Protein chains: 2
Amino acid sequence: MGVIRKTKSVEALLHEFNTSDEAISAKQLIEQLDSKFNKTTIYRVLDKLEEDGVLHSFLGKEGLKWYAKCNGCSASKHKDVHPHFQCLKCGRVDCLPFSMAIPEIPNRKVEVSQVLIQGLCEKCCV
Amino acid sequence: MGVIRKTKSVEALLHEFNTSDEAISAKQLIEQLDSKFNKTTIYRVLDKLEEDGVLHSFLGKEGLKWYAKCNGCSASKHKDVHPHFQCLKCGRVDCLPFSMAIPEIPNRKVEVSQVLIQGLCEKCCV
DNA sequence: AAATATAACGCAACTTAGTTGTAGTAACAA
DNA sequence: TTGTTACTACAACTAAGTTGCGTTATATTT
């Protein structure tokens, strides 16, 4: 399937991701768009956008789900191994612009990988 | 602080981690020891054991919290960069016995890192 | 342009991992 | 054995995310 209809919620969410390169958590989107859309809608649209390969998702600290625009990654072969960076001070998350090599492991089949690096971001480092 | 008193719950939890090298999720421990201990107790003892450097924790898929015995990692300098492997079929999780180099990032301060690799484990690969 | 099919939506109720407050209990030192 | 206080159980809560379903909106067909 995928995103078929161009509805207001789809456009609003895409707009959020187009105005910034940072990752956005589902929680944050729900808070931000609370007056306009129901949280169920937001979760479902995010699911769809991920299925379509428009966004990819990952878990930040405390198990919150984050979404970011897919740049290199296709919907079919979704083997993103670029790390995500979460600032421990301001909470912001972004995708780091390089790949990390995930090693093959004897007798196991690697399918997906997630690297979460935590620390202080540029702004909070000063 | 740390684990001060040798209570039944502390012993029972340590026993679980000593009889296997696999990681165990908080959820699983609560199910397993449900008749013996309250879930609050289990969460609190796990916290303590982690503070003490006896266990380390990380998030698996779906944001569940997993715990595993600390082998190399000291309580003070807790920069584990060994990957964790979660089997997508049977759900089992373990620590992979090698370290991964987490790169330094310009203008950022890396503090902790987490690598979660998902795929098929030895048993489910066949 | 109206009719139709169905994808998408809002709402409310639910699920569940994890947390908090508190009064009672048990570990351990004196 | 007594006193301090760390630890525990219980119940009530929090919050992210999910589910079911009747209604609405999109896009296709006539």
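Remember, predicted model here, so these are calculated numbers, not experimental data. Reminder, nothing fancy here: chain letters follow the sequence lines and each chain counts from 1.
Rounded to an integer number of Å, the gap from CD1 of A:Ile30 to C1' of D:dA16 is 8 Å. Atom-to-atom, CD of B:Glu62 to C1' of C:dT15 comes out at 14 Å; the value is rounded to the nearest Å. A straight line from CD of A:Glu51 to P of C:dA7 spans 13 Å, rounded to a whole angstrom. We find that CG of A:Leu29 is positioned 13 Å from P of D:dA16, with the value rounded to whole Å. Counting to the nearest Å, the P atom of C:dC9 and the CG atom of A:Leu46 are 11 Å from each other. Residue B:Asp47 contributes atom CG, which lies 15 Å from atom C1' of D:dA6 at whole-angstrom precision. Rounding to whole angstrom units, NZ of residue A:Lys61 and P of C:dG18 are separated by 16 Å. Remark: P of D:dT18 and CG of A:Asn38 are 14 Å apart, rounded to the nearest angstrom.
Distances shorter than 4.0 Å separate none of the side-chain N or O atoms of B:Ser9 from OP1 or OP2 on D:dC7. When the side-chain nitrogen and oxygen atoms of B:Tyr43 are compared with OP1 and OP2 of C:dT19, none of them lie within a distance under 4.0 Å. Contact annotation: B:Lys27 does not reach the phosphate of C:dG18 (side-chain N/O to OP1 or OP2, under 4.0 Å). Not one side-chain nitrogen or oxygen of B:Lys6 sits closer than 4.0 Å to the OP1 or OP2 atom of D:dC7. The side chain of B:Thr41 places an N or O atom within less than 4.0 Å of a non-bridging phosphate oxygen (OP1 or OP2) of D:dA9. Of the side-chain N and O atoms in B:Thr40, none sit less than 4.0 angstrom from OP1 or OP2 of C:dG18.
You won't find any donor-acceptor pair under 3.5 Å spanning the side chain of A:Arg5 and the base of D:dT28, going by distance alone.
Nearest heavy atom pair, residue B:Gln86 against residue B:Gly91, reads NE2-O, 3.4 Å. Shown here for B:Phe17 and B:Tyr67, the closest heavy-atom pair between the two residues is CE2-O, 3.2 Å. Between A:Leu59 and B:Gly63, the closest heavy-atom pair is CD1-N, 3.3 Å. Listed here is the closest heavy atom pair of A:Ser25 and A:Trp66: N-CE3, 3.3 Å. Across all non-hydrogen atoms, the minimal contact from B:Leu120 to B:Cys87 is CA-SG, 4.0 Å.
Each of B:Lys36 and A:Leu59 was matched to the nucleotide of DNA chain D holding its nearest heavy atom; the match closer to the 5' end belongs to B:Lys36.
When each of D:dT19, D:dG17, C:dT22 is scored by its nearest atom to the side-chain atoms of A:Arg44, the top-ranked nucleotide is D:dT19. Of the listed nucleotides (D:dA12, C:dG21, D:dC21), D:dA12 has the atom at the smallest distance from the side chain of B:Lys39. With C:dG18, D:dC7, D:dA9 as the candidates, the nucleotide lying closest to the side chain of B:Thr7 is D:dC7.
At the heavy-atom level, B:Leu64 lies under 4.0 Å from the strands shown only through sugar-phosphate atoms. Counting any heavy atom pair closer than 4.0 Å across all strands shown, B:Lys8 reaches no nucleic acid atom.
Other residues, nucleotides and ligands contribute over 12 non-hydrogen atoms within 6.0 Å of the CG atom of A:Asp47.
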